[in-house]
> 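One structure is given below, represented as structure tokens, and several questions about it will come after.
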Amino acid sequence: GFLTATGPLKNLNIIAGRKRQRFGRLNTLHPHQWLFITQPTANSFYLGDHGLIADGALAQYILPTKNFYSALEFGAWQTALH
């Protein structure tokens, strides 16, 4: 599990705990959310059966742009392939 908290600035988010890392299109999804039964061979070979999961913290500032999403992130994660 992980916690997400907003800071005193409305565009600042703090995320801490254990979470699936944003690596590729499938790693952030749980296997029951996939639209297919078996994991792609490349994912299971490089990331293992459960994907890339890490413990750590992240500070994210969402930039105040109007026409597109843009954010600055700074974090530290201890990764372990499960």
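From a predicted model like this one, the values you see are computed outputs, not experimental measurements.
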> Looking only at heavy atoms, which two atoms of K19 and Q21 are closest? And how far apart?
O-NE2, 3.4 Å

> What do the steps show when you test L63 against N11 for side chain to side chain contact (heavy atoms under 4.5 Å, CB included), and what is the final call?
CA-CA 7 Å; L63 297 172; N11 291 349; over 6 Å; no

> Can you tell me how far CD of Q60 sits from CD1 of I15, rounded to the nearest 0.5 angstrom?
5.5 Å

> Are N13 and Y61 packed together at the side-chain level, in the sense that at least one heavy-atom pair is separated by less than 4.5 angstrom?
no

> Taking atom CD of E73 and atom CD1 of I62, what is their separation to the nearest 0.5 Å?
9.0 Å

> Is there side-chain contact between L58 and W77, with heavy atoms separated by less than 4.5 Å?
yes

> Are there more than 12 heavy atoms of other residues, nucleotides or ligands under 6.0 Å from atom OH of Y69?
yes

